[in-house]
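Because the structure is a prediction, the values reported are computed rather than measured.
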Amino acid sequence: MTTLKTIILEFEDNEYLPDLYGEHNCHLARIEQKIGASFTVKGNILAIEGTKHARETARQIIAGLHEGLEQGGRLAMADVDGAIRMADFLDAPKKAAIFERKDFANKENRIRTRNAIISPRSKNQARYIQALRESNMTFGLGPAGTGKTFLAVAMAVSCLLEGKVERIVLTRPAVEAGEKLGFLPGNMREKVDPYLRPLYDALGQMISMEQTEKRLENGDIEVAPLAFMRGRTLSNAFVILDEAQNTSPMQMKMFLTRFGENCRMVVCGDPSQVDLPNGTPSGLYHALKVLKGIDDISFIQFNADDVVRHPLVGDIVRAYDLAEARQSKK
């Protein structure tokens, strides 16, 4: 028979506890559901009961989330789910991964921007953050909702604020089938804005939309369609190509060869979601084959388990992956 014991956490004050516990203690309830521990709240004291593994895992999750709040972070249910996923990864029994897990668990594996402190919510996000920090070129590959572009923009903003680069360049194919901007109404900014909106939204979360607009005006941040990259050399810049699966091999080669001095380059895309006309090969898929094995280029593959949007998105991705696997066997 397993004997349940208790861990007592006593917080210095109650300032962060409402956010930590969640409305009606919903964050605690989610941890209880996933980990198997149980919580009892009394003032600034939190009692954790359960098996040794459950209560220690819950303690680590609570301590990590509380530390993030103390450092100015925000806490949503997605952050709680991410902390639970990371706890599962760090507790994995595989001896070969001990050094790797320790490396991912350190406090430096976070991204700091003016408005947010971003921690990885899955093991592949942790690998991605590490690659963004250490590699000059990184490919983030996988389904929607895994944080590929968001984390790349966060790292770009962090590097800009720290003075590691002089500017951020964000680009993507403006129109999936050929970038025919001339057929769209309005000036160039009005034509490309709808296609680049996800990048603007990510920037707004890091430094506010007001600061984003100011930095766009003074050139610290440039957001442009991929066609505008031709003929340039991008130096002292953090450059991100989003929706890279919708480039042709020629476009991809053009983009990658813009690499200049003190440049960081990130390519984000989902090879399974190509919107190019039938018969047009994807530049992302081609690049993965051509560039494999080159030093200082990191390839991080995300999957449905890394989806950090609503859990339903992960279920949808898994369902489509299963359907595609069945189709390929026919």
Side-chain angles (χ1 to χ4, degrees), residues 132 135-141 148-157 159-160 164-184 186-203 212-213 215-271 273-277 280-291 294 296-299:
L132 292 173
S135 300
N136 283 324
M137 185 177 293
T138 302
F139 282 73
L141 313 164
K148 304 183 302 294
T149 303
F150 181 81
L151 291 175
V153 172
M155 185 63 76
V157 170
C159 287
L160 180 66
K164 294 179 179 178
V165 296
E166 295 178 356
R167 58 187 171 139
I168 297 172
V169 179
L170 307 173
T171 185
R172 65 187 294 186
V175 182
E176 286 79 356
E179 300 189 40
K180 299 176 182 178
L181 299 174
F183 292 98
L184 300 175
N187 59 33
M188 183 55 64
R189 175 81 181 265
E190 292 170 338
K191 289 180 180 184
V192 302
D193 267 6
Y195 301 99
L196 303 174
R197 178 50 54 187
L199 301 176
Y200 286 118
D201 291 342
L203 284 168
T212 297
E213 287 296 333
R215 290 182 179 272
L216 283 166
E217 290 175 6
N218 64 28
D220 289 347
I221 299 175
E222 177 184 352
V223 184
L226 180 60
F228 283 31
M229 297 297 107
R230 189 174 299 278
R232 303 177 58 183
T233 299
L234 301 171
S235 302
N236 297 310
F238 198 115
V239 189
I240 301 172
L241 170 61
D242 194 27
E243 297 293 335
Q245 73 274 9
N246 291 325
T247 63
S248 68
M250 184 178 296
Q251 287 175 318
M252 178 63 77
K253 180 181 177 181
M254 178 274 292
F255 171 75
L256 296 177
T257 53
R258 302 308 94 197
F259 200 95
E261 292 294 326
N262 190 36
C263 181
R264 295 283 189 89
M265 190 170 279
V266 183
V267 178
C268 304
D270 181 357
Q273 293 293 313
V274 177
D275 297 313
L276 296 170
T280 303
S282 169
L284 178 60
Y285 183 75
H286 181 259
L288 297 181
K289 295 190 295 183
V290 171
L291 303 178
I294 295 181
D296 207 23
I297 300 181
S298 296
F299 300 90

*Asks:* Among all residues two or more places apart in sequence or in another chain, which pass the side chain to side chain donor-acceptor pair (under 3.5 Å) test with Arg167?
*Replies:* none
*Asks:* When you compare the side chain of Leu141 with that of Leu284, does any pair of heavy atoms fall below 4.5 Å?
*Replies:* yes
*Asks:* So, the side chain of Asn246 versus the backbone of Asp275: is there a donor-acceptor pair under 3.5 Å, distance only?
*Replies:* yes
*Asks:* Which residue is it: Ile221, Asp242, Leu203, Val266? I am looking for the one with a side chain to side chain contact (heavy atoms under 4.5 Å, CB included) to Val153.
*Replies:* Leu203
*Asks:* Are side-chain heavy atoms of Ser248 and Leu276 found at a separation under 4.5 Å?
*Replies:* no
*Asks:* Do Met254 and Leu226 pass the side-chain contact (heavy atoms from CB on, under 4.5 Å) test, and can you show the C-alpha distance, the side-chain angles, and the key distance before you say yes or no?
*Replies:* CA-CA 9 Å; Met254 178 274 292; Leu226 180 60; 4.1 Å; yes
*Asks:* Taking side-chain contact (heavy atoms from CB on, under 4.5 Å) as the test, write out the residues that go with Pro281, two or more places apart.
*Replies:* Pro249
*Asks:* For Gln273, which residues count as a side chain to side chain donor-acceptor pair (under 3.5 Å) partner, sequence neighbours excluded?
*Replies:* none
*Asks:* What's the shortest heavy-atom distance between Gly140 and Lys148, and which atoms?
*Replies:* O-CD, 3.4 Å
*Asks:* By ring pair (Phe, Tyr, Trp, His ring centres under 6.0 Å), which residues pair with Phe299, not counting sequence neighbours?
*Replies:* Phe139
*Asks:* Rounded to the nearest 0.5 Å, what separation is found between the CE atom of Met265 and the OG1 atom of Thr257?
*Replies:* 8.0 Å
*Asks:* Quick one: pull up NE2 in His286 and CE in Met250 and give me the separation to the nearest 0.5 Å.
*Replies:* 11.0 Å
*Asks:* Any side-chain to backbone donor/acceptor pair from Thr171 onto Leu241? Under 3.5 Å, distance only.
*Replies:* no
*Asks:* In Å and rounded to the nearest 0.5 Å, what is the CG to CZ distance from Asn262 to Arg264?
*Replies:* 8.0 Å
*Asks:* For Ser282, what residues pass the side chain to side chain donor-acceptor pair (under 3.5 Å) criterion, not counting sequence neighbours?
*Replies:* none
*Asks:* Quick check against the 3.5 Å criterion: does Asn136 have a side-chain atom that pairs as donor or acceptor with the backbone of Asp296?
*Replies:* no
*Asks:* Could you pull out all residues at least two apart from Phe255 that satisfy ring pair (Phe, Tyr, Trp, His ring centres under 6.0 Å)?
*Replies:* none
*Asks:* Residues two or more places apart in sequence or in another chain: which of them pass side-chain contact (heavy atoms from CB on, under 4.5 Å) with Ala156?
*Replies:* Ile168, Phe238, Ile240
*Asks:* Show your working on side-chain contact (heavy atoms from CB on, under 4.5 Å) between Met229 and Val169 and close with a plain yes or no.
*Replies:* CA-CA 10 Å; Met229 297 297 107; Val169 179; 4.0 Å; yes
*Asks:* State which residues pass salt bridge (Lys or Arg N to Asp or Glu O under 4.0 Å) with Lys164; sequence neighbours excluded, sorted by chain then number.
*Replies:* Glu162
*Asks:* Go through the structure and list residues passing salt bridge (Lys or Arg N to Asp or Glu O under 4.0 Å) with Arg258, not counting sequence neighbours.
*Replies:* none
*Asks:* Do the side chains of Leu256 and Val267 get nearer than 4.5 Å, heavy atoms only?
*Replies:* yes
*Asks:* Output all residues satisfying side chain to side chain donor-acceptor pair (under 3.5 Å) with Ser298, sequence neighbours left out; order by chain, then residue number.
*Replies:* Ser135
*Asks:* Closer than 3.5 angstrom, by distance alone: can the side chain of Gln245 be matched with the main-chain N or O of Gly269 as a donor-acceptor pair?
*Replies:* no
*Asks:* For Thr233, enumerate each residue passing the side-chain contact (heavy atoms from CB on, under 4.5 Å) test, keeping only those at least two apart in sequence or located in another chain.
*Replies:* Ser235
